[in-house]
Amino acid sequence: MTENSERDEPQRTITPQGPAHKRDLTRRKVLVASGAAVAAVGIGGAVAVSANAEGTAEAGSSATGSATGSATASAAEACYRLTGETTEGPYYIDADKIRKDITEDREGIPFTLRLKVIDSDTCKPLKRAAVDIWHCDALGIYSGYESLSGGGGGTPPSGEPTGTPSGTPTGTPPSGGPGGGGGGGGHEAPTDDERYLRGTQLTDNSGHVEFKTVFPGWYRGRAVHIHTKVHVGGKMTDDGYEGGHTCHTGQFFFAETAVLASAEGAPYSTSTTERTTLDEDTIYGGGGTQDGLLKLKYRKGRIERGVVGSLTMGVDPDETHDGTS
């Protein structure tokens with residue numbers, strides 16, 4: 001294939017949408033749609049295409065006509081809907097790595113995570129909010145908890161995504177409770193000094209923050225995900241972000257099509273742990289972006305070149321959600 005033909009390949013864009021019954025309004029006031037749309041179109045004016053409830057989309061679709069209308073409506077909803085809260089999971093470590101690139105020596109598909117944090121009441125961006133993210137590596141291992149994390153090598157998952165459970169997951173489970181890393185159980189004390197795939201950044205004046213990492217793998221009992229926290233009211237010190245309170249604890253999720261595509265290449269293809277699908281996951285609420293389903297962009301048939309994920313998070317800065325209850 002020539003260099004020019006590669007540039008002409010369609011790019012896959014996955015725009016998640018939740019089921020109709022999830023599109024209800026929260027207790028917070030509804031803003032005028034026209035103003036909300038302007039405030040909430042956050043991450044670099046990314047092209048949006050039509051998508052179904054599973055978050056899949058046709059590659060190379062045009063962002064015109066009804067697709068543009070859907071994108072505007074989705075952007076407006078982000079202004080008056082709180083992003084869903086989840087448990088912290090057993091593998092959280094207080095923010096101590098202020099950095100954009102959290103990859104360190106981990107192998108995997110390059111992944112850029114672009115986030116925008118807004119006040120879901122006013123639609124205004126939250127400036128200088130501290131955003132934490134942490135996730136497992138391509139084989140399901142968490143830094144700080146390598147001896148507790150699951151993983152394996154061998155045959156990758158295959159087949160089309162489905163809502164029907166595929167059987168009892170196999171492999172070694174984390175010991176932090178059911179669905180470790182987010183499915184329950186108390187906090188575990190770190191077992192090692194590793195801190196790869198963990199980091200914190202402050203949002204800019206537009207509420208934006210960007211991380212460089214790798215596409216996460218999977219482990220027993222959980223769909224592919226990234227953990228996050230948003231802290232406000234604190235300040236930066238030599239030891240990291242201190243003070244204030246946690247106004248949001250959540251998780252980001254990935255469409256099945258992207259996960260299956262990632263599983264075709266190393267190191268993901270060496271995993272012997274049976275994968276839990278998005279529909280089988282006990283933490284994902286099924287509400288699309290409101291429940292953390294990322295919008296993903298990558299080159300069709302060339303996912304190994306890198307993936308960009310984006311999401312606008314609507315949070316209540318006056319609330320406290322530390323994800324421990």
Side-chain angles (χ1 to χ4, degrees), residues 43-44 86 88-117 128-146 148-151 174 176 180-182 187-188 190-204 207-219 222-231 234 236-242 246 248-254 258-259 262 266-268 292 294-298 303-311 313 323:
I43 313 299
T86 69
E88 166 186 285
Y91 300 148
Y92 174 62
I93 298 176
D94 288 341
D96 61 354
K97 291 284 188 180
I98 308 300
R99 57 185 180 175
K100 177 177 181 178
D101 191 334
I102 65 174
T103 308
E104 294 193 16
D105 61 349
R106 295 297 98 175
E107 296 182 356
I109 297 169
F111 182 65
T112 300
L113 180 62
R114 296 173 179 168
L115 304 171
K116 181 175 183 180
V117 185
R128 297 190 64 77
V131 179
D132 295 338
I133 69 165
W134 69 101
H135 63 86
C136 68
D137 68 7
L139 292 179
I141 306 298
Y142 278 91
S143 66
Y145 300 90
E146 290 186 340
L148 300 180
S149 303
H187 183 268
E188 294 281 351
T191 60
D192 58 70
D193 295 329
E194 299 292 338
R195 293 296 183 268
Y196 52 80
L197 307 183
R198 297 177 181 272
T200 304
Q201 286 193 80
L202 294 181
T203 57
D204 63 18
H208 290 113
V209 67
E210 179 179 288
F211 290 92
K212 298 291 186 181
T213 183
V214 297
F215 199 97
W218 58 91
Y219 51 92
R222 289 303 317 278
V224 175
H225 63 283
I226 293 175
H227 293 266
T228 188
K229 283 180 178 285
V230 178
H231 312 273
M236 292 297 301
T237 71
D238 292 340
D239 297 322
Y241 188 84
E242 296 185 353
T246 303
H248 174 67
T249 299
Q251 296 181 30
F252 304 124
F253 296 92
F254 295 76
V259 174
S262 73
Y268 309 89
L294 293 168
K295 176 178 178 180
L296 303 175
K297 295 179 69 175
Y298 57 91
I303 194 171
E304 71 279 0
R305 295 185 178 182
V307 180
V308 176
S310 60
L311 188 72
M313 292 187 286

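Since the structure is predicted, the reported quantities are computational estimates derived from the model, not experimental observations.
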Closest non-hydrogen contact found for Val224 with Pro216 is CG1-O, 3.6 Å

- Task: Mind telling me whether Tyr91 and Tyr142 have parallel, tilted or perpendicular rings, with 30° and 60° as the class edges?
- Result: tilted

Between Asp137 and Leu197 the two heavy atoms that sit nearest each other are CA-CD1, 3.4 Å

Minimum side-chain heavy-atom gap His135-Val214 below 4.5 Å: yes

Quiz item: Does any non-hydrogen side-chain atom of Tyr196 lie less than 4.5 Å from one of Glu146?
Solution: yes

Considering only heavy atoms from C-beta outward, does the side chain of Asp132 approach that of Tyr92 to under 4.5 Å?
-> yes

Heavy-atom closest pair (Ala258 atom, Leu296 atom, distance to 0.1 Å) is CB-CD1, 3.6 Å

query = Yes or no on side-chain hydrogen bond (donor to acceptor under 3.5 Å, both in side chains) for Thr203 and Arg128, after CA distance, side-chain angles and deciding distance?
reply = CA-CA 5 Å; Thr203 57; Arg128 297 190 64 77; over 6 Å; no

Here the pair of heavy atoms bringing Ile226 nearest to Ile133 is CG2-CB, 4.0 Å

Scanning both residues in full, the closest heavy-atom pair of Thr228 with Gln251 reads CG2-N, 4.3 Å

Sorted by chain and number, sequence neighbours left out, side chain to side chain contact (heavy atoms under 4.5 Å, CB included) with Lys212 holds for Lys100, Asp101, Thr112, Glu210

Nearest heavy-atom contact between Gly234 and Tyr241 is N-OH, 2.8 Å

Value for CD1 (Ile102) from CZ (Arg106), rounded to nearest 0.5 Å, stands at 12.0 Å

Query raised in the report: Looking only at atom types and distance, does a side-chain atom of Thr237 sit under 3.5 Å from a main-chain N or O of Gly240, one as donor and one as acceptor?
Result: yes

Counting neighbours of CD on Glu107 that are heavy atoms of other residues, nucleotides or ligands and sit closer than 6.0 Å, is the number greater than 12? no

(Q) Can you confirm whether Leu294 sits close enough to Phe254 that some side-chain heavy atom of one is under 4.5 Å from a side-chain heavy atom of the other? (A) yes

CZ (Arg305) and CD1 (Ile109) are apart, to the nearest 0.5 Å, by 13.0 Å

dist Ser143:OG -> Ile93:CD1 (nearest 0.5 Å) comes out at 5.5 Å

Next item on the list: Specify whether Tyr268 and Phe215 have parallel, tilted or perpendicular ring planes, treating 30° as the upper limit for parallel and 60° as the lower limit for perpendicular.
Entry: perpendicular

Residues at least two apart in sequence or cross-chain that pass ring pair (Phe, Tyr, Trp, His ring centres under 6.0 Å) with Phe211, listed by chain then number, are none

Distance col, row Thr249:OG1 vs Glu88:CD, nearest 0.5 angstrom, shows 6.5 Å

Taken in chain and number order and not counting sequence neighbours, the residues that satisfy ring pair (Phe, Tyr, Trp, His ring centres under 6.0 Å) with Phe253 are Tyr284

With heavy-atom distances below 4.5 Å as the criterion, would you say the side chains of Met313 and Leu115 are in contact?
yes

Rounded to the nearest 0.5 angstrom, the CG-NZ distance for Leu311 and Lys295 is 11.0 Å

Parallel, tilted or perpendicular: ring planes of His187 versus Tyr145, cut at 30 and 60 degrees | perpendicular

Quick check: do Thr246 and Val230 have side-chain heavy atoms less than 4.5 Å from each other?
no

